[in-house]
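Throughout, numbering of the chain's residues begins at 1 and tracks the sequence.
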Amino acid sequence: MQSLNSIDPEEDQFAYRYDTQLLIDRRDEDLDEDDITDYILSHFEGNSLIAAGDEDMVKIHFHTNEPWKILEYCNSIGEIYDIVVEDMIRQSNGLQG
């Protein structure tokens with residue numbers, strides 16, 4: 001079994017299978033997109049990260065093999081909604097669902 005650290009995303013377009021997207025709404029403290037970006041990049045395997053927004057709302061887009069970990073983290077810093085997790089391999093095979 002291949003470990004995540006040995007995956008080369010340049011050679012395998014589906015190295016990170018799940019396109020994970022969501023919105024985070026401010027709960028108690030202001031959101032900081034730079035802090036969120038730094039945390040995700042240092043704690044989770046994946047690529048194609050986009051974290052954009054302001055202190056009240058941040059949109060996340062991230063390719064990963066463990067989308068539940070991203071959801072758990074984001075829920076710890078704010079209210080999450082408009083959650084979409086798409087299997088890019090199924091999409092490429094025309095098997096959306």
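- When atom types are taken as modelled, the side chain of Asn65 and the backbone of Ala15 share a donor-acceptor pair closer than 3.5 angstrom.
- You'll find the side chain of Glu79 reaches within 4.5 Å of the side chain of Arg27, heavy atoms only.
- Side chain of His61 to main chain of Ser48: a donor-acceptor pair is present (N/O by atom type, distance under 3.5 Å, no hydrogens or angles).
- Between Tyr18 atom OH and His63 atom NE2 the span is 13.5 Å, to the nearest 0.5 Å.
- Considering only heavy atoms from C-beta on, Leu31 stays 4.5 Å or farther from Asp56 through its side chain.
- Here the CD1-CD1 distance, from Ile24 to Ile80, works out to 8.0 Å after rounding to the nearest 0.5 Å.
- When the side chains of ILVMFWY residues are joined at heavy-atom separations under 4.5 Å, either directly or via intervening members, Val84 and Leu49 end up in two distinct hydrophobic clusters.
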Intermediate values then yes/no, side chain to side chain donor-acceptor pair (under 3.5 Å), Glu45 and Tyr16
CA-CA 8 Å; Glu45 289 285 334; Tyr16 300 107; 3.1 Å; yes
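- Here Glu72 pairs with nothing under the salt bridge (charged side-chain N to carboxylate O under 4.0 Å, His left out) rule; sequence neighbours left out.
- Proximity of a side-chain donor or acceptor of Asp34 to a complementary backbone N or O of Thr37 within less than 3.5 Å is not detected.
- We find the OH-OG distance between Tyr39 and Ser76 to be 6.5 Å, quoted to the nearest 0.5 Å.
- Taking the side chain as every heavy atom from C-beta outward, Gln21 and Glu86 approach each other to under 4.5 Å.
- To the nearest 0.5 Å, atoms CD1 (Ile83) and OH (Tyr81) are separated by 11.0 Å.
- Put simply, the side chain of Leu71 reaches to within 4.5 Å of the side chain of Leu22, judged on heavy atoms.
- When side chains are defined from C-beta on, Ile77 counts as touching Ile36, because their heavy atoms get closer than 4.5 Å.
- In this structure, Ile40 is a member of the same hydrophobic cluster as Val85, with clusters built from ILVMFWY side-chain heavy atoms closer than 4.5 Å.
- Using a 4.5 Å heavy-atom cutoff, the side chains of Val58 and Ile60 are in contact.
- In this structure the side chain of Arg17 reaches within 4.5 angstrom of the side chain of Asp87, judged on heavy atoms.
- Between Phe44 and Tyr73, the two ring planes are tilted [angle within 30° to 60°].
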